[in-house]
Student: 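Please find one structure pasted underneath; my questions will follow.
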Amino acid sequence: MSDREHGPQHPGDACAGARLHIVTGKGGTGKTTIAAALAQALAADGGRVLLVEVEGRQGVATLLGSPPLPYEEREMLSVPGGGSVSVLAADAEAALLEYLEMFYGMRRAGQALNRLGAVDFATTIAPGLRDVLLTGKATEAVRRRRGARRRPSAADPSAPFHYDAVVMDAPPTGRISQFLNVNSEVAGLARVGPIRNHADKVMEVIRSDRTLVHFVTLLEEMPAQETRDGIAEISELGLAAGMVLVNMARPPLLDDASLEAAASGGPDLDALAAGFGEARVENPRELAASLAGEVRGHALRVRLERRVRSDLEDLGRPLLELPLLAGGVDRAALDELTRRLAEQGVRR
Amino acid sequence: MNPGPEDDGRANRGGTGAKALDTDALLDDPGTRIIVCCGAGGVGKTTTAAALGLRAAERGRHPVVITVDPARRLAQSMGVEALDNTPRPVPLPEGARGSMHAMMLDMKRTFDEVVEEHADPERARQILANPFYQTLSTSFSGTQEYMAMEKLGQLRQSGDWDLIVVDTPPSRSALDFLDAPERLGRFLDGRLIRFLSAPASTGAFRLLGAGFNLVTSTIGRIVGKQFLDDLRSFVSAFDTVFGGFQKRAERTYRLLRTPGTAFVVVAVPDTDAMREASYFVDRLAGDAMPLAGVVVNRTHPLPEGAGSSLGAADAESAAASLEEGGVHPLASAALRLHAERVRVRGREVGLRDALLSSHPDLRVAEVAALPEDVHDLEGLRRIGGALAAAAGGR
Ligand SMILES: Nc1ncnc2c1ncn2[C@@H]1O[C@H](COP(=O)(O)OP(=O)(O)OP(=O)(O)O)[C@@H](O)[C@H]1O
Ligand SMILES: Nc1ncnc2c1ncn2[C@@H]1O[C@H](COP(=O)(O)OP(=O)(O)OP(=O)(O)O)[C@@H](O)[C@H]1O
Ligand SMILES: [Mg+2]
Ligand SMILES: [Mg+2]
């Protein structure tokens, strides 16, 4: 540990001390994957971490190759050195029933509501209510103390926290600020009353400086633009942006001079042909002409990626990079991504 | 310039004898009045819609393109940066024979306009100010789909356009586009909303019998009385408008079934998007909606010439031999890139053939991935050209 503390600065250092990590990004950029890797990295050396997904899509189960997960915090991953990651697939309906029972002891009423389709109602006309329930579930886990599994208010406030950190696999950038701004969403619908009080409490956790919103992006224009917009939006709400995580990064195959040449005029056909000749492939000249387009395409893509990357650097957030792993993401690949996060300084 | 498949976005049919989607024939047919581009999220619906509109204009038609959430730079290049719900002329490059308009859908504004049209001013004012209406018109999933259809109906009614190209909202599933408007209708008509909004003395409550007190008092305790009051006034005000909505939606759906309409399903060559495309094709057939074909966007065709017959394993072993000697890094990089390309292409062809084997009559056009994003008219022109080239009609 101490070598890390006194070692050089790492971009992931910014994470240390945060208790709620909210992972967002454009759809398909790797939010679920990175959230799971982040949870494992935070659990290293004996940590207890909860990974919550809120979109009802069973993304974590898919990632881990397990059957659909119930609405229950379940220890799913253990980390070398004794840490563990529990997973919760939160859904609004179950959260509502639990909420009614926990705060009002109204189990029967809850069931009646459910039969009437009231929960459906809450999740359709008033997405704000749904968001309050989902974020409420995550923030309850953040506040929960040991020895009081259910009722936060009944806990001894000096007891240590139940979880060292909570990681949320959150909605995509397009909806993140609305999702996190539960207070104002609910304010229009419920100006007073218990839902409102609940929303205020949730907002307190989300606004705290121990909550960070991380952005997963690719080195492409659209996800980078969404990252920029997302950071601006959440900052406006008074929430703290954490890391920018560049996912699926690929190393360039050429040195800078060849990249530059290939991107502008096309690759050096003589050099290509000479190399193909040396490797004894057939028709080196024709092949050079034929493959030139692929090389140029690569060079153009690298140039675009570099431009996007430098724009992302200008955001002033710690920038971390995770490689594109061949063959998709299995458990071993997830561990590899976890290791890459730790290398870049990510820890509790 | 260095021609190559990465370079000119050329499409190809792929050699399985499948029938190609002939977009130029579709655009040139004056009977084609509506083209709907749909597909899973992020596959290139907006790009394809804009490219088809531009191509049509260049070939002498006068289309309007309704875009939904276009990327900022693309919107800029079409001159529709402002969300104002009005078709704006797109400055076309020299030589275009027709003209083009584009607009960006503003779903809230479209919704507001419908309310204003159907309700008397006092009621419209009540509805527009109600917090439930505000959520419904801004964040109910399905409203965007409904409003895209509403706008299509309006533009069609106006008779100002000889071709309307419609982009569809970004949703996880292509099917949302057909299902969402109905879901909105079902919801507004639902049992609970009637129940919650009924005054306490009416039959709705008696019908539910014992236990209803418990339920209303529960709801009241959680959300507050004011919530219920807002909901009641919303539902009663909206009732008058709502009949109109249902009818309009039905009319627009009938329009989608007429022969002047053509659906273009957009996909990218990955498992999820191709599965979505396949579901959607079946669904259109089931609903008797006219399908023109599938655009498989962002593919990675093999280069023409000698590279087309160099396999992945051979390319890799040649690259390895150069790397071992530490010589010719450019050539070895080219061989590695090619090996990767051959593998990617193999997967793409497999996905396309699987789609074609379950839908033998399907017409398909491929559009190769351009090395950079499509954010100007030149990029759209290349996509339009690639689509046309898929039918051999360059
Ligand atoms: N570093 C990586 N290397 C290779 N594949 C990756 C990597 N990160 C993610 N993937 C793959 O990319 C796909 C999308 O990842 P993931 O599901 O985590 O994204 P997401 O942002 O959660 O998507 P959604 O928006 O649909 O929830 C998955 O197939 C995943 O296995
Ligand atoms: N053939 C192509 N080559 C390169 N980039 C492309 C191609 N087609 C589309 N793109 C790019 O892919 C991104 C997504 O395209 P587009 O916005 O058209 O998708 P969409 O289906 O409308 O997405 P959404 O579901 O979010 O509305 C854009 O950045 C666009 O420039
Ligand atoms: Mg996910
Ligand atoms: Mg779009």
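Atoms considered below: every heavy atom in the structure, side chains included; atoms not considered: hydrogens, waters and symmetry mates. The chains referred to below are lettered A, B, ... by the order of the sequence lines, with proteins before strands, and numbering in each begins at 1. Predicted, not measured: the structure shown is a model, and the values here were computed from it.
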Student: Tell me, side chain or backbone of A:L272 under 4.5 Å from chain B's heavy atoms, or both, or neither?
Tutor: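 Contact with chain B involves both backbone and side-chain atoms of A:L272.
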Student: Below 4.5 Å from any heavy atom of chain B, which atoms of A:D268 appear? Answer side chain, backbone, both or neither.
Tutor: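 It is both, since atoms from each part get that close.
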Student: Should A:N283 and A:F276 be marked as a side chain to side chain contact (heavy atoms under 4.5 Å, CB included) after you check the CA-CA gap, both sets of side-chain angles, and the distance that decides it?
Tutor: CA-CA 8 Å; A:N283 303 329; A:F276 294 157; over 6 Å; no
Student: Is B:L330 in contact with chain A via its backbone, its side chain, both, or neither, using a 4.5 Å heavy-atom distance?
Tutor: both
Student: Pick from A:R303, A:E278, A:R301, A:M222: which one has the most heavy-atom pairs with chain B under 4.5 Å?
Tutor: A:E278
Student: Heavy-atom distances under 4.5 Å only: say whether A:E220 touches chain B with side chain, backbone, both or neither.
Tutor: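 Interface part for A:E220: neither.
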Student: Under a 3.5 Å distance rule, please check whether B:S308 uses its side chain to pair with a backbone N or O of B:E304 as donor and acceptor.
Tutor: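 A pair under 3.5 Å: no.
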Student: By a 4.5 Å heavy-atom criterion (distance strictly below it), what part of A:R57 contacts chain B: side chain, backbone, both, or neither?
Tutor: side chain
Student: Assess whether a salt bridge exists between A:E221 and A:R307, defined as any Lys/Arg side-chain N lying under 4.0 Å from an Asp/Glu carboxylate O.
Tutor: yes
Student: Could you label the plane-to-plane angle of the B:Y146 and B:F111 rings as parallel, tilted or perpendicular, counting under 30° as parallel and over 60° as perpendicular?
Tutor: tilted
Student: Can you check whether A:E286's main-chain N or O pairs, donor with acceptor, with A:S290's side chain at less than 3.5 Å?
Tutor: no
Student: Take A:R228 and A:Q225, measure what side chain to side chain donor-acceptor pair (under 3.5 Å) needs, and give me the verdict at the end.
Tutor: CA-CA 5 Å; A:R228 256 190 302 281; A:Q225 182 63 44; 3.1 Å; yes
Student: Keeping A:R296 on the side-chain end and A:G265 on the backbone end, is there a donor-acceptor pair under 3.5 Å?
Tutor: no
Student: Below 4.5 Å from any heavy atom of chain B, which atoms of A:E55 appear? Answer side chain, backbone, both or neither.
Tutor: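 Just its side chain gets close to chain B.
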Student: Let me know if A:V281 has heavy atoms under 4.5 Å from chain B in its side chain, its backbone, both or neither.
Tutor: side chain
Student: Against chain B, label A:A299 side chain, backbone, both or neither, depending on which of its atoms sit under 4.5 Å from a heavy atom there.
Tutor: neither
